Every structure is written in structure tokens, then in C-alpha cells.
Amino acid sequence: TVVLVALISTYLITFAIAETKTKHNEQPCFGIFPVPKSVVSPAVCQAVALASESDFLFHCNSQNEVVEDAISRYRSIIFSRLHTQISPGGALSVITSLNITVENDSGNLNQNTSYAYSIDLKERSSSISIKSDTVYGVVYALETFSQLVLTKATNLKNTHTDESVMLCCDSFSIQDSPRFVHRGLLIDTGRRFFPIPMLHRLLDALSYNKMNVLHLHFGEEGGFRVESKLFPELTSGSVRHYTQQELADLIEYARYRGIRIIPEVDIPMHSSDLQPLVKTHGIEYCASFPQVELKDDTAGKTRSVLKQLFTEMASLFPDEVFHLGTDEMVPYDSCNYTTFGNLIKAVVDALLAAGKTPMAWQDIYQHTPNVVPSNIILDTWYASRGFGSYQATQAGFHAVESSNMYISDGNNTPTAWKKLWANIAPNFTDTQMNLMRGGEVSFWCNNYCSWIGRWGGHTICDIKVGGGGPPPGAAYNGAAQDSEFEKSVMNLLWPRASVAAASFWGFYDNISDTELASRYNRIATRLVYRNVTSCPQNCTCTWTERCNKPYL
């Protein structure tokens, strides 16, 4: 639906965006990214100053700790003076307060949580108003507000001058909400362990881009990465992993930023992380070497273990969605799609019994359709094979689009971001749009540790898939290389993942290449100001180098 664009006076210009057809005419100094749904601003703006940090007040009707924490974090960001510089002329009026009103003060976070918010500054007012449906809408409203803040170029060294931090416009109204409820990033901590401090910095970056899902793929050749009380052998020896307490703390850190953590334990393929259970519990694989694909043994031991494991893992993650993988199943010997279906059904039943909504790669529907529950979310990763989110929603299922959003290609060039500005739901009917959950960027780590799994408690990371020597990032696989690994990942992710995040929030096909590039340049600079490791815009970052300079 196209929202009416109207000139409501000779002074105000109004515009709003529903899906893809509208005009953008906001003040160039705004440059908000992701692009807001609706903005009203004067045809000609006068800059206004913010009171000094000690004098600027935040008023809020919420007592929720999420809001209190967000105000503390964004106060620091807003008054950091690390913003785009302008040189306004004349004396400036002063904004002295920010008034926040929250409709629902609950801290509950789920896949249907509203992030809607509004920000208003009336002409000649000394106070800005934020209104939000939920506490998480406040988090995103503060992010948008922080992007409106500029620094007066002539006062950069004077941290106590009212005019050193300012807004470029003396009146505006922003109404905003995301197009999709799922705006995610997948990380493959199964193949290569992501340390907790790195995950914290990654979650911060997600929040700056209004992304609300971290998809944690935590089992692969590298090992099973979450402590199990039922099966402690999964994380024994040299397997780096998250304790259950560390995981609980991480989930809370994410929640304060409006981010859900969706776990994934991939079965029946990509299950070499479960190898220790062969000796201790008698699970079976389709082949003796390599042990990567689970077998539905005649005694039912594998099914029984999977049900117990998924039930335990489901209890550790409060989010209602749990991903069970199911990609790249390969019939082999006595293993076929029927036997795979038996294992998958056992897991689906366990998840449903635990009150979870199952999520799985599209392969579950393509190869084992008889075991697909009606409430599943299909994660479509291979649309070029003729099945994407369009086909999934057409078949009546909820869907998340991951096709063409893989950014683990090891080649973050100055123009790589452009392909991530995309409409992930083109030509969808209203019924399909109601089923479309959103999109996801995927960062796989097979180029740090790939194939063939663990033997004797050690990870083998010196063979590429298909042979040919070690993967390009193999030198960054050890704990001693955590710092270099983080640089490698973050420089490949950012700032281009910001464009995918903006596509998920609201894609608009009439934004010019020039305007899009301008907004991209601003978010890229903003991430650097906020200490997010990012690839410089004028060079290329790879698995091993940043601007032709090796990490090791």
C-alpha cells in the first residue's frame, strides 16, 4: 500500500513509506539508516543545540531496566562528540530534555514484539518526545535519535559548550516500525568458536543497525559449543564452549539490546559434533568415516539421545524459536530420506513438547515433507534451486529469507555492499506477506575450520571441502589467534551487513544510488566512531588481510 504523500502546508513536507513506492525528501543532514518509515521535517531547517551532558535530562514513565540501561548507553553515545561535523551560523536555541513514554513496560521479548516508535520535536520547543509501544521500541528510538546528533565543527575541543552537540533541524516528526519481525545474523560458532567478548561487540553492532536476531549455529566440525549437563562428554577435552551461565548472561546482554538469540543444533547432516556420544550412548552415523550424518539405528538410540539433547538445549534458550538444521541431507547406504525423517520427527516432537516453534532449512520440506509441522518457519537458503521464501509462503509456511545474503565470501570490496540492498519479498501477496518473517545474513566459518571433524578430542582443520589443502583462514582457528579472528570476521561483516539490515527494516526501490551511498557512508563512519571494527570503504578486506595488510 502506498501511503499518501501530501504537502500539508507551505512550511512542512510530509512523506511516508509502506513498502517500495514513495518519495524521500527528508533533510539531507538526517541520513538515518535504516531508513525510517515516515518523516516530517521543515523545507528549511535551523540547527538547534543540546544542553550540556550534565544539564540534559531524560524523563521516562518506564521503570524497566532495559530502558534504564539504554538511556545510560545512549547518553554516552550522544555526548561523545564523535558525530558528523557541521558549521551552523548564528545563535542556536537549546534542547534541554528528552521525554520518553512507553505503552507496555513489560520486558518480554519474542518474535512478535513491537519495535514501533515515534520521535517528535515541535518548533521552538526545548523538549523532544519519544513514544513507543514497548521498551524495545525505546532502544531503537534512541538509536535513531543518536543518528540525528551532529557536532559543531568549531567547538570540537570544548566539551562544555551547549552548541558542541546539536541537531540539524529545529522541528521534525518520525514515525517508524520495521517491515519484518526477523532481521538476523547467523554466525557459525560450531566450526570456529566466537569468544564471549567478541559476541558482546557483535551484539552491539547488531543493535546499532536495528537487527534483532542472532542465529547461533553452535554445533559443527569444531565441536558442540554449549555445556550439556546430560551429555558432558560433548564439551570435554579441548572443545571450547559456553557454560550454561555464560549463555544465560549472553542472552540477557542481547535482550537489553532488543535482540533474540535463536539456537541451532543441525541434524541429521553436519552432526560431527555429536561423535563423543557414539561410545557413551551408542548413537550411529551413516558412515564410519567421515562421521557427519546421523543414522536412525534400529534400536532407536540415536532418536532417544536427540530427544533428550534438544529438550535440554530448549530449556536453556528462552526464545520460542529453535532451529534444527536439516540442510544438505545425503542418502548413503542404509540412510535415506525416510530414515532421516524419523530422526527429524523425533526432534520436532521434542521441540513441540518443550513449547518451541521449530525452524529449519528449506530441505526439511523438500526432502521430508511428511514430518513438517504446520507452524514451522522455513529458512530458505538456496532460492536458485527453485525454492525460496516466495515458494515457502505460497505453500502456507512462515519463512525467513537467507538466499543471496551470505557474506562469508572472504571478499569485502568497496562495492560489495550494493548487492545487499534488496527487496526480499518482491511480488508477494498480502497472504504471503503475513507469513513472511524477514531475512537473515549468514556468516559461515568453513573457511576457518572446514571438514572433517574431531577425532581423539582434537579438531582437524587442515583440509578444504573437496581437498586441496587448508582453508584460507585456518591459521586463525586457535585460541591464541582470537584477536586476529575477530578482526577477520568483523572486517568481512561490516559495514556491508548494515545494508542488509536496512533492507530487512524497510526496502525502498526509489532511493537513488547517490542517496543510498550517502546513507551507507554515514553508517560506515558511525560504526568506526563506535569502535566497531569495519573494513574501510576504499579498500578490500579478505579472510587474512585488511587493505593488503595481513592480520598475522
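As the structure is a prediction and not an experimental result, all values here were calculated from the model.
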**Q.** Euclidean distance, Cys286 SG relative to Tyr332 OH, rounded to 0.5 Å
**A.** 9.0 Å

Q: Using a 4.5 Å cut-off on heavy atoms from C-beta on, say whether the side chain of Leu324 contacts that of Trp361.
A: no

**Q.** Salt-bridge present (Lys549, Glu545; N to O < 4.0 Å)
**A.** no

Q.
I'd like to check Cys335 versus Phe340 (side-chain heavy atoms, cut-off strictly below 4.5 Å). Are they in contact?
A. yes

Q: Check side-chain hydrogen bond (donor to acceptor under 3.5 Å, both in side chains) between Lys210 and all other residues, then give those that pass, not counting sequence neighbours.
A: Thr144

(Q) For the cysteine pair Cys547/Cys539, does the gap between the two SG atoms stay under 2.5 Å? (A) yes

Q: From the options Tyr365, Phe397, Tyr382, select the one residue that forms a ring pair (Phe, Tyr, Trp, His ring centres under 6.0 Å) with Phe387.
A: Tyr365

Q: May I ask you to check if Arg73 and Tyr256 form a cation-pi contact, with NZ or CZ under 6.0 angstrom from the six-membered ring centre and within 45° of the axis?
A: no

**Q.** Check: Ser488 side chain, Glu484 main-chain N or O, donor-acceptor pair, under 3.5 Å
**A.** no

Q) Between Tyr551 and Asn491, do the side chains contain an N or O donor and an N or O acceptor separated by less than 3.5 Å? A) yes

Q.
Strictly distance-based, threshold 3.5 Å: is any side-chain N or O of Ser304 a donor or acceptor partner for the main-chain N or O of Gly300?
A. no

Q: Step through it carefully: locate the ring centre of His200, locate the ring centre of Tyr253, and say whether they are under 6.0 Å apart.
A: yes

Q. Do Glu328 and Trp381 have side-chain N/O donor and acceptor atoms under 3.5 Å apart?
A. no

(Q) Under the side-chain hydrogen bond (donor to acceptor under 3.5 Å, both in side chains) test against His182, which residue among Gln111, His215, Glu440, Arg437 passes? (A) Glu440

Q. Only one of Arg526, Arg257, Arg530 clears salt bridge (charged side-chain N to carboxylate O under 4.0 Å, His left out) with Glu143; which?
A. Arg530

Q. Out of Arg260, Lys356, Arg255, which one pairs with Asp319 under the side-chain hydrogen bond (donor to acceptor under 3.5 Å, both in side chains) rule?
A. Arg260

Q: Establish, yes or no, whether a centroid distance under 6.0 Å links the rings of Phe485 and Phe194.
A: yes

What side-chain donor-acceptor pairs closer than 3.5 Å can you find for residues 369-380, not counting sequence neighbours?
residue	atom	partner	partner atom	Å
Asp379	OD1	Ser402	OG	2.7
Asp379	OD2	His323	NE2	3.2
Thr380	OG1	Ser389	N	3.2
Thr380	OG1	Val400	O	3.3
Thr380	OG1	Glu401	OE1	3.3
Thr380	OG1	Glu401	OE2	3.2

